[in-house]
Every structure is written in C-alpha cells, then in structure tokens.
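Heads up, the thing below is written out as structure tokens.
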2 protein chains.
Amino acid sequence: MHFTTTEENYIKAIYHLQQETGNVSTNELAAELSTKPASITDMLKKLTVKKLLRYERYKGVRLSSEGEKLALAIVRKHRLWEYFLVNTLEFGWDEVHEVAEELEHISSKKLVEQLDLFLGYPKFDPHGDPIPDSQGRMVMQQQINLIDLAPDIPAEVCSVGSQSTELLEILKHKQLGIGTKLQVKRKFSFDHSIEIKMKNLPAITISQQLAQSLFVKTISND
Amino acid sequence: MHFTTTEENYIKAIYHLQQETGNVSTNELAAELSTKPASITDMLKKLTVKKLLRYERYKGVRLSSEGEKLALAIVRKHRLWEYFLVNTLEFGWDEVHEVAEELEHISSKKLVEQLDLFLGYPKFDPHGDPIPDSQGRMVMQQQINLIDLAPDIPAEVCSVGSQSTELLEILKHKQLGIGTKLQVKRKFSFDHSIEIKMKNLPAITISQQLAQSLFVKTISND
DNA sequence: ACTTATTTTTAGACAAATCTAAATTTAAAT
DNA sequence: ATTTAAATTTAGATTTGTCTAAAAATAAGT
Ligand SMILES: [Mn+2]
Ligand SMILES: [Mn+2]
Ligand SMILES: [Mn+2]
Ligand SMILES: [Mn+2]
C-alpha cells in the first residue's frame with residue numbers, strides 16, 4: 001500500500017502527539033501541521049477508511065497498529081537520514097531537520113536498509129532520539145534532565161531539548177555534545193546554574209537554561 | 001522559485017526529448033510521461049507563464065535558458081544519486097533508476113553539493129551518462145557504438161544503451177563494465193559477432209546485440 | 001485543390017488537499 | 001439548568017493535475 005507525502009505527515013504528527021497526550025485532538029493536530037481544523041477532519045475520515053487510525057467524531061484520534069507501524073517506518077527514515085547528513089555529509093545538527101522532512105518520504109525499502117547498513121546500524125540520531133530498527137523496535141533509555149542530575153553521579157549526554165542553531169553554537173564552544181560524559185559538581189541555588197566536570201577538562205559552569213536543554217543518562221564508571 | 005515534482009518531471013522530459021528532436025511535440029511528451037495530450041497542453045501553458053519554456057500552440061515547445069538550467073540541476077541530482085546508490089550503498093545499476101526518480105526532487109542545495117563532495121565529484125553515472133557540475137557543465141565525450149569500433153584500436157567502455165537487469169547480468173558474467181579497456185580483434189560478418197580482448201583475459205566473442213548496447217571511446221595506450 | 005487523417009487544443013468534469021464561513025456538538029461558567 | 005464559550009464538523013469554494021469527448025488546426029493523400 002502506498003501513501004502520499006501528506007498522509008504520511010499526518011500519521012507522523014499523530015504519532016508524536018499521542019506519545020504525550022493519549023488521544024489527539026483536532027486542534028492540536030491543526031496546530032502541529034500548520035493547517036486548519038476543517039482540513040484535519042477531512043483527512044481523518046480518509047485515513048480511517050484506510051484503517052491507519054481509529055477516529056470517532058468529536059472524540060479525537062489514535063493510530064491503529066497499522067498506523068503505528070507506518071509512523072515508525074517514517075520516523076526511522078527521518079532519523080537515519082539525519083544521521084547520514086550529520087555524520088557522512090558533515091551537516092550541522094541544526095541544518096538537517098528540513099531536509100530529512102523531505103527524505104523521509106522516499107519510498108524504497110532497499111534504500112533504507114542499505115543506508116542503515118552503510119551507517120553501521122546507529123541507535124540514535126544527532127539529536128539523541130532513538131532510531132527504530134527495521135522491525136520498529138528502538139532503545140528506550142530513560143533519560144533525566146541535566147538540571148535534576150544529582151552531584152557526583154557519572155552520566156552521559158544523550159539528547160537535547162532543542163535543535164536550534166543557538167544551542168548548537170554554545171554546545172560546540174563548551175565542547176559538549178551527544179555522548180559527552182560528565183558529572184555535576186555543584187549546584188548554585190542563587191541562579192540555578194551548575195558546575196560540571198568533564199574528563200581532561202577544567203570544571204565549567206553552565207546556566208540553568210543550558211542545563212535544562214540537555215538530557216543525560218547515568219552510566220556505571222567502569 | 002520552487003517547482004512541484006510534476007513540473008520538474010515535465011522539464012526533465014522536455015530536456016531529454018529536445019536533445020534528439022529539436023522542438024518537442026505534445027504527443028511525444030504525452031508518451032514519455034505516460035499521460036494524455038490534453039494534460040500536456042495544460043501544463044505547457046502553466047510552465048510558459050513561469051518562463052521555463054517557449055511554447056507556441058500547434059508548434060511544439062523548447063526550454064528557455066531558465067528551463068534548461070533547471071533541467072540540468074535535476075539531471076545532476078538524478079545522476080549523483082544513482083552514483084551514490086551504486087558506489088556507496090551497493091545497489092546494482094538496474095535498481096537505481098526508480099529511486100533516483102524520487103531523490104532528484106529533494107530540494108536542498110547544500111545536500112547536492114555535499115553529496116558531490118562526498119562522492120569525490122564523479123563525472124559519470126553508473127550508466128556512463130555525464131553528471132553536470134554545479135554550473136551545469138558536463139564532459140561531453142564523443143562515444144561510438146562498440147559494433148562500429150575498428151579492430152586493434154584501444155578503447156574504453158563508457159556507457160550502456162540499456163539499463164536492463166538482463167544486460168547487467170551478462171556484462172557481469174563477461175567481466176565487462178563502465179571503464180573496461182578493450183580492443184576489437186575480429187569481426188564475423190556471418191552473424192556480426194565480434195571478438196574482443198581485455199587485458200589479462202583470454203579473448204572472448206560477443207554477439208551483435210551485446211556489442212550494440214555498449215558505447216566506447218578511443219583511448220591512447222600509454 | 002479537396003478530402004481524409006493526424007495532431008493539438010478546448011471545454012467540462014473529477015479527485016486530492018486545502019480554505020472560509022456557518023452549523024453542531026461538547027465543555028465551562030454562572 | 002441555562003447560558004456562554006470553545007472545539008469540532010459540515011457545506012461550499014478553490015487550486016493542482018488529471019481525464020474524456022468534442023472542436024479546431026495542421027499534415028498527408030489523391
Ligand atoms: Mn528532525
Ligand atoms: Mn532528530
Ligand atoms: Mn536513471
Ligand atoms: Mn543513469
């Protein structure tokens with residue numbers, strides 16, 4: 001079965017929104033897709049016929065298992081292409097989203113599998129989001145906000161809360177990125193800034209705003 | 001200025017047809033694009049407004065210089081992606097055309113340039129067709145049909161007349177491909193088969209049909 | 001030159017995806 | 001429980017790209 005780019009964008013948007021909210025409302029979707037509620041209703045009816053979702057009027061929508069499978073395939077392509085753009089073609093992570101929005105709709109199954117193989121089956125995209133494998137499975141690491149990390153616990157940066165150029169710039173300057181290992185040394189209650197320590201580097205202080213846009217997972221130090 | 005996938009497909013089709021025929025007719029285009037003449041007329045009017053071509057009713061169409069520039073950009077993307085698929089992702093040359101038909105419409109300018117850089121600025125695609133550079137220039141080698149190559153002239157296979165799986169299969173078996181260096185040793189007028197010799201290999205005979213689907217350029221033997 | 005055949009264009013219709021404006025349904029407030 | 005507000009759906013129109021059937025222009029045949 002083949003789906004249009006528009007249909008795929010709807011499915012992906014519903015997938016992302018239902019992670020947070022359970023049932024997804026028409027207005028939420030309209031906002032996410034920068035379109036009008038009336039258009040959403042029309043499309044939901046069409047996608048219901050195609051059995052990609054379960055929709056009851058006035059009651060919101062959820063993906064069917066068919067729909068979820070499709071959503072994961074699209075997310076997989078999006079994140080694999082982002083990884084390719086950053087790691088093979090040397091894009092900055094703030095430049096890849098728009099391009100991946102187009103590339104995720106290329107339909108060739110072989111292309112995705114060969115790309116995955118070429119890239120070495122990466123598990124996370126450049127923003128730290130997990131890449132579903134060909135079966136739709138992905139590593140779900142529970143990650144906590146850096147601002148909430150307790151002192152002296154070894155941890156590793158695993159994702160970022162924003163994909164802005166500004167964030168990328170400051171992270172580059174401070175030599176922080178996905179995979180960076182660190183520990184919190186001090187927390188200052190005055191401005192909620194924190195002092196962190198990375199291996200082979202002097203301790204540095206980072207602002208509350210910066211700490212809040214980094215997510216880490218704890219690691220055993222062996 | 002942004003163009004739809006459909007518009008780009010029309011422009012590319014006109015580009016390819018006008019190489020052969022000069023002015024392109026409505027029916028030719030309809031055949032090439034598997035659509036109806038009436039649809040062609042409609043689209044030609046639209047593309048005229050967008051100044052991509054010069055069209056007079058009942059008199060056929062040619063690309064404007066704007067249109068030609070666009071066509072070359074699309075051909076460039078098509079052939080670069082084909083090169084990528086074969087050389088980086090290990091596709092067979094008979095598997096890449098459909099995928100490249102989709103990939104050629106990805107709009108990111110940076111993507112094309114970085115891809116070109118990553119691939120090492122290849123000059124020819126896997127079928128031996130020249131890849132336009134970022135300025136739209138391409139190497140135009142005059143190539144002759146292998147069936148017309150005079151005996152004992154060193155030559156190199158530079159393109160193929162078909163992209164079928166069947167051709168690929170026989171070429172693989174006979175260890176022939178783009179870049180293979182050879183000389184014609186004998187021509188048999190009975191069935192127009194020819195005997196060719198490649199370096200470090202015993203001479204082999206190939207059929208008229210096979211020779212006709214290979215194009216070569218002569219090379220100096222130093 | 002006149003008739004016939006072919007090519008091309010117009011006219012009118014249709015499906016996909018969207019919009020605006022109006023009508024319904026549900027939720028919130030008094 | 002009414003009234004008011006917000007969310008959602010319908011109705012009708014629009015744009016893009018396509019189609020069929022009919023009309024017009026060009027080309028070919030005698
Ligand atoms: Mn993205
Ligand atoms: Mn991402
Ligand atoms: Mn091709
Ligand atoms: Mn090619």
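Since we're looking at a predicted model, the values are computed, not measured. In the text below, chain A, chain B and the rest are named by the order of the sequence lines, each starting its count at 1.
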Are any side-chain N or O atoms of B:K123 and backbone N or O atoms of B:Y121, one a donor and one an acceptor, separated by less than 3.5 Å?
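Yes: the side chain of B:K123 pairs with the backbone of B:Y121.
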Hydrogens and angles aside, do [X] and [Y] bring a side-chain donor and acceptor to less than 3.5 Å of each other?
X	Y	result
A:H173	A:E169	no
B:Q143	B:K217	no
B:S108	A:E102	no

Rounded distance in Å - CG (B:D42) to C1' (C:dG12):
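In whole Å, C:dG12 C1' and B:D42 CG are 12 Å from each other.
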Whole-Å distance separating the NE2 atom of B:H2 from the P atom of D:dT16:
13 Å
Examine the base of C:dT9 for any acceptor or donor lying under 3.5 Å from a partner atom in the side chain of B:Y58, and report the outcome as yes or no.
no
Report yes if at least one side-chain N or O of [X] is closer than 4.0 Å to OP1 or OP2 of [N]; otherwise report no.
X	N	answer
A:K45	D:dT10	yes
A:T41	D:dT10	no
B:Y10	D:dT18	yes
A:Y55	D:dT8	no
B:N27	C:dT6	no

Considering only side-chain heavy atoms of B:K36, which listed nucleotide, D:dT20, D:dT8, C:dC19, is closest?
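Of D:dT20, D:dT8, C:dC19, D:dT20 is nearest to the side chain of B:K36.
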Indicate, with a heavy-atom threshold strictly under 4.0 Å, whether B:S39 touches base, sugar-phosphate, or nothing.
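Base, at least one base heavy atom under 4.0 Å.
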Heavy atoms under 4.0 Å, any strand shown: does B:T26 hit a base, just sugar-phosphate, or nothing?
sugar-phosphate
Where each residue is assigned the nucleotide of DNA chain C containing its nearest heavy atom, which of A:K59 and A:T35 is assigned the position nearer the 5′ end?
A:T35
